[in-house]
Amino acid sequence: MNKLAIYEQLANEIKSDIAAGILKPGDKLPSVRNFALEKKINPNTAVKVYKTLEIEGVLTSIPSKGNFISDDAAKLQAFHVVELKAAYLTLVGEMRDHHIEESSIIALAKGVYHDITS
């Protein structure tokens, strides 16, 4: 179960799509209403997702035109990598604290990587 609020999960989903190159700078996002319908969420939650991303500099809102991926999206990709690395370091640190051998950690990482790319 994800401990993040729905709006945070959806904001992270959009940031992940940017980091993966699925969404690019200048791409237009669906209207708040359409986003809410697509995700089956309350329109107020959709507004919160877009507002959060705008505050973070991920989106640019242009009145009467819509919401667009910011030109600063490249920074977001780099930031996302830093976030993921920090999470990975925490996980590996916990594994080491539980006396799991380096070779086992590496084997586990390789196994998981191959499982998700298969």
Side-chain angles (χ1 to χ4, degrees):
M1 177 174 252
N2 198 326
K3 295 179 182 178
L4 295 176
I6 297 292
Y7 82 93
E8 292 173 310
Q9 293 176 38
L10 292 169
N12 286 342
E13 186 179 304
I14 291 171
K15 290 190 279 188
S16 291
D17 286 350
I18 294 167
I22 297 167
L23 293 172
K24 295 177 179 21
D27 284 356
K28 184 176 183 182
L29 292 176
S31 68
V32 169
R33 176 182 283 168
N34 287 339
F35 184 74
L37 288 171
E38 285 175 19
K39 300 298 181 179
K40 297 180 172 81
I41 58 172
N42 185 299
N44 292 331
T45 303
V47 168
K48 195 165 186 177
V49 171
Y50 281 13
K51 190 51 114 177
T52 298
L53 292 171
E54 187 176 6
I55 290 168
E56 292 177 0
V58 177
L59 294 185
T60 301
S61 179
I62 301 172
S64 301
K65 299 231 186 233
N67 294 291
F68 300 85
I69 302 299
S70 169
D71 291 335
D72 292 336
K75 290 182 197 173
L76 177 65
Q77 284 181 311
F79 179 71
H80 191 66
V81 169
V82 169
E83 283 182 327
L84 291 172
K85 183 178 178 184
Y88 185 69
L89 288 172
T90 299
L91 178 61
V92 171
E94 286 180 27
M95 293 172 82
R96 192 184 62 214
D97 292 345
H98 286 88
H99 307 289
I100 297 174
E101 297 289 326
E102 178 183 4
S103 59
S104 296
I105 294 171
I106 292 169
L108 179 64
K110 285 182 180 179
V112 169
Y113 181 81
H114 290 296
D115 287 348
I116 61 172
T117 57
S118 301

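Just so you know, these numbers use all the heavy atoms, side chains as well, and skip hydrogens, waters and symmetry mates. What you see is a predicted model; the values in this text were computed from it and never measured. Quick note: residue numbers are just sequence positions, from 1.
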For Glu13, side-chain hydrogen bond (donor to acceptor under 3.5 Å, both in side chains) partners two or more places apart: Lys39
4.5 Å side-chain heavy-atom contact, Leu23 and Leu29: yes
Partner set under salt bridge (Lys or Arg N to Asp or Glu O under 4.0 Å) for Glu8, not counting sequence neighbours: none
Residues forming a side-chain hydrogen bond (donor to acceptor under 3.5 Å, both in side chains) with Asn34, sequence neighbours excluded: Ser31
Nearest heavy atoms of Ile41 and Ala46, plus distance in Å: CD1-N, 3.7 Å
Ring pair (Phe, Tyr, Trp, His ring centres under 6.0 Å) partners of residues 18-59, not counting sequence neighbours, each pair once: Phe35-Tyr50
Transitive ILVMFWY cluster of Leu4, excluding itself - 4.5 Å side-chain cut-off: none
Validation row: Thr60, Asn67 side chains within 4.5 angstrom (heavy atoms): no
Nearest-0.5 Å distance that lies between atom CD1 in Ile18 and atom CG in Leu59: 6.5 Å
What side-chain donor-acceptor pairs closer than 3.5 Å can you find for residues 90-99, not counting sequence neighbours?
residue	atom	partner	partner atom	Å
Thr90	OG1	Ala86	O	3.0
His98	ND1	Glu94	O	2.7

Glu101, CD atom: more than 12 neighbouring heavy atoms under 6.0 Å: no
Under the side-chain contact (heavy atoms from CB on, under 4.5 Å) test, residues paired with Asn44 that sit two or more places apart: Asn42
Under the salt bridge (Lys or Arg N to Asp or Glu O under 4.0 Å) test, residues paired with Lys28 that sit two or more places apart: none
Distance, nearest 0.5 Å, that separates OG1 of Thr45 from CD1 of Ile6: 8.0 Å
Apart from Phe68 itself, residues in the same hydrophobic cluster as defined by side-chain heavy atoms under 4.5 Å: Ile62
Which atom pairs, donor and acceptor, lie under 3.5 Å between side-chain atoms of residues 104-113 and protein residues at least two apart or in another chain?
none

Pairwise distance CD1(Ile14) to CG(Asp27) - rounded to 0.5 angstrom: 11.5 Å
Distance in Å, Asp17 CG paired with Asn12 CG, rounded so as to fall on 0.5 Å steps: 11.0 Å
Partners passing ring pair (Phe, Tyr, Trp, His ring centres under 6.0 Å) against Tyr7 (at least two apart in sequence or in another chain): none
